[in-house]
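Have a look at the structure below before the remarks.
Numbers here are sequence positions counted from 1. Whatever order the structure lists ligands and atoms in, that order sets their numbers, starting from 1.
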Amino acid sequence: MKILVINCGSSSLKYQVFDMSDESVLAKGLVEKIGLPGSFLKHRRGDEDNIIVERNMPNHEVAIGLVIGTLLDEKQGVVKSMDEILAVGHRVVHAGERYASSVLINDDVMQALRQCIELAPLHNPPNIMGIEVCEKLMPNAKHVAVFDTAFHQTMPQTAYLYALPLELYKKHGIRRYGFHGTSHRYVSERAAHMLGRAVSEVKVITCHLGNGASVAAIDGGKSIDTSMGFTPLEGLMMGTRSGDLDPAVVPFLMEKESMNSEQISSFLNKKCGVMGISEVSSDFRVVEGAAAKGNEQAQLALHMYYYRVRKYVGAYAAALGSVDAIVFTAGLGENSPEVREEVCKHLGFMGVELDLAKNRVRGKEVDLSSENAKVKVLLIPTNEELIIARDTKGLVDSH
Ligand code: ADP
């Protein structure tokens with residue numbers, strides 16, 4: 001069975017085609033700057049070189065049309081007819097409390113996703129648009145939605161409620177939802193595999209550190225807490241997001257800097273975090289470079305970042321009661337030995353012992369802890385697309 005996985009953002013689109021007989025990736029690519037000048041498609045078949053197609057793509061329908069055209073292309077393509085692709089798995093950010101697992105898309109599901117727009121006004125609309133366009137262009141395929149929030153639906157009320165009047169939770173759905181669920185789920189399953197134990201038996205803390213970043217506490221395969229909340233703004237300091245903040249800062253800033261609600265929300269999401277403190281960049285490669293050259297603001301930003309991750313790891317160790325492994329994943333977690341070293345520093349009291357020589361590695365599934373460490377430190381490259389493809393296949397097989 002061939003499956004197309006689509007992750008549709010507001011101006012970008014990522015895709016992968018899987019052959020599920022062996023879970024191999026037949027092709028992958030991305031479209032950037034949809035609706036903007038300079039839009040292009042980058043496509044790679046198997047292990048071949050990337051090709052770039054520059055094309056004016058005023059909307060997602062044209063962009064997905066170009067992806068389909070490329071997948072059918074005699075030279076670059078991987079299928080002769082789109083009917084070979086039995087199903088499409090769509091990444092959808094927010095399902096509110098409606099779905100705790102992936103679902104086959106029908107009219108009811110689409111209606112539920114539209115209702116969740118107010119919870120994720122930046123993310124759900126392009127996700128929904130991607131589904132609508134794919135359903136139109138691939139009417140014979142089955143379509144499946146895989147949600148970022150679903151995995152965290154197992155959080156207990158004690159973890160997901162804010163201490164606001166309970167009535168507001170019931171009235172507006174104000175609670176912590178959590179995000180990056182597919183990634184936390186994938187790496188926690190791999191962690192159990194690496195530990196040689198059943199998922200149901202292990203307690204792990206997973207650190208997804210990318211542009212957006214979150215930590216999760218996972219007990220026996222179930223998320224019991226995670227650092228992102230009502231929106232992806234809560235929790236860790238991120239590339240451009242503030243993370244945790246005294247809520248009293250918000251009205252104070254709005255008054256002092258004459259910002260309205262839209263402006264403050266955009267400010268906290270786009271101008272803060274590592275970017276705001278370093279005033280260098282939101283990209284860790286650039287910030288680490290500046291810090292190494294002695295830029296003190298860049299050094300401060302990095303140390304604040306490490307400290308917050310470490311603090312969450314400590315909190316989740318307490319939430320879990322004991323920990324078998326700490327997992328690092330996503331852009332930064334996979335590629336920055338410094339982050340892993342600095343987060344694990346001072347965690348010796350709970351049995352963490354990072355092997356500094358083993359830690360000098362990037363992007364490989366590997367145990368980084370010293371032999372006798374009580375708590376393992378694991379580097380596990382995430383693979384959200386594979387989880388989406390597997391869930392899609394599972395749902396198609398069972399219907
Ligand atoms: P997202 O999927 O959230 O957009 P990624 O998981 O791709 O983000 O992570 C992107 C971030 O990872 C970059 O902003 C960069 O800070 C960091 N990163 C990627 N490669 C490296 C590296 N070699 N060294 C340090 N940081 C890196």
Side-chain angles (χ1 to χ4, degrees), residues 5-16 28-33 42 91-94 120 122-123 126-127 146 148-149 178-187 206-216 226-228 231-243 269-293 295 298-299 301-306 308-309 327-343 359-366 368 379-388:
V5 171
I6 296 264
N7 180 354
C8 195
S10 59
S11 65
S12 69
L13 163 74
K14 292 185 193 152
Y15 63 91
Q16 286 194 18
K28 67 201 280 188
L30 63 107
V31 182
E32 282 195 38
K33 302 192 175 176
K42 190 158 128 184
R91 180 198 179 197
V92 179
V93 168
H94 218 309
L122 299 179
H123 295 100
N127 297 160
V146 179
D148 265 38
T149 48
F179 299 88
H180 295 140
T182 24
S183 177
H184 289 296
R185 181 175 141 205
Y186 174 78
V187 297
T206 48
C207 306
H208 177 107
L209 309 178
N211 272 323
S214 63
V215 183
T226 189
S227 58
M228 283 179 167
T231 75
L233 186 55
E234 191 182 344
L236 300 176
M237 174 175 170
M238 306 177 213
T240 59
R241 294 186 196 134
S242 66
N269 274 292
K270 296 186 180 152
K271 300 267 191 280
C272 297
V274 172
M275 175 74 223
I277 296 287
S278 71
E279 295 182 313
V280 171
S281 171
S282 63
D283 188 317
F284 269 77
R285 285 161 287 202
V286 181
V287 181
E288 283 176 355
K293 286 197 190 119
N295 182 316
Q299 290 167 356
L302 293 178
H303 283 283
M304 286 174 65
Y305 186 90
Y306 306 145
R308 285 241 184 143
V309 181
V327 179
F328 287 92
T329 194
L332 188 59
E334 292 169 25
N335 292 301
S336 172
E338 289 78 12
V339 166
R340 298 189 297 260
E341 184 179 334
E342 292 289 339
V343 170
N359 188 40
R360 316 273 358 138
V361 65
R362 290 179 201 281
K364 270 205 291 196
E365 206 169 87
V366 51
L368 304 172
L379 164 52
I380 304 180
T382 194
N383 196 341
E384 290 159 286
E385 291 78 10
L386 181 58
I387 286 266
I388 296 174

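Heavy-atom proximity to G212, at under 4.0 Å, picks out these atoms of ligand 1: 3 (O). Counting the atoms of ligand 1 from 1 in the order shown, those under 4.0 Å from a heavy atom of E288 are 25 (C).
At a heavy-atom cutoff of 4.0 Å, ligand 1 is contacted by no atom of E334, backbone or side chain.
The closest side-chain donor-acceptor pair between R340 and N359 falls under 3.5 angstrom. Using a 3.5 Å distance cut-off with no hydrogens or angles, the side chains of E384 and S183 do not pair a donor with an acceptor. Between the side chains of H184 and S214, at least one donor-acceptor pair of N or O atoms lies under 3.5 Å. S336 and E288 form a side-chain donor-acceptor contact under 3.5 Å, judged by distance and modelled atom types alone.
In this structure, the protein non-hydrogen atom closest to atom 2 (O) of ligand 1 is K14 NZ, 4.7 Å. Annotation: atom 15 (C) of ligand 1 to nearest protein heavy atom, D283 OD1, 3.4 Å. Counting protein heavy atoms only, atom 27 (C) of ligand 1 is closest to R285 CG, 3.8 Å.
Proximity of atom 23 (N) of ligand 1 to the protein is indicated by at least one non-hydrogen atom lying closer than 4.0 angstrom.
At least one N or O atom of F284, backbone or side chain, sits closer than 3.5 Å to an N or O atom of ligand 1. For ligand 1, one of its N or O atoms has an N or O atom of N211 under 3.5 Å away. Backbone and side-chain nitrogen or oxygen atoms of G331 are examined, and one is located within less than 3.5 angstrom of a nitrogen or oxygen of ligand 1.
Between C207 and V309, the closest side-chain pair of non-hydrogen atoms falls below 4.5 Å.
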Apply salt bridge (Lys or Arg N to Asp or Glu O under 4.0 Å) to the pair R360 and E338, showing each step before the final yes or no.
CA-CA 9 Å; R360 316 273 358 138; E338 289 78 12; 3.7 Å; yes
Candidate pair H123 and F179, rule ring-ring contact (aromatic ring centres under 6.0 Å, His included), full reasoning
CA-CA 12 Å; H123 295 100; F179 299 88; 7.5 Å; no
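Distances shorter than 4.0 angstrom do not occur between any heavy atom of E338 and any atom of ligand 1.
Using cut-offs of 30° and 60° on the angle between ring planes, the pair H208 and H180 is parallel.
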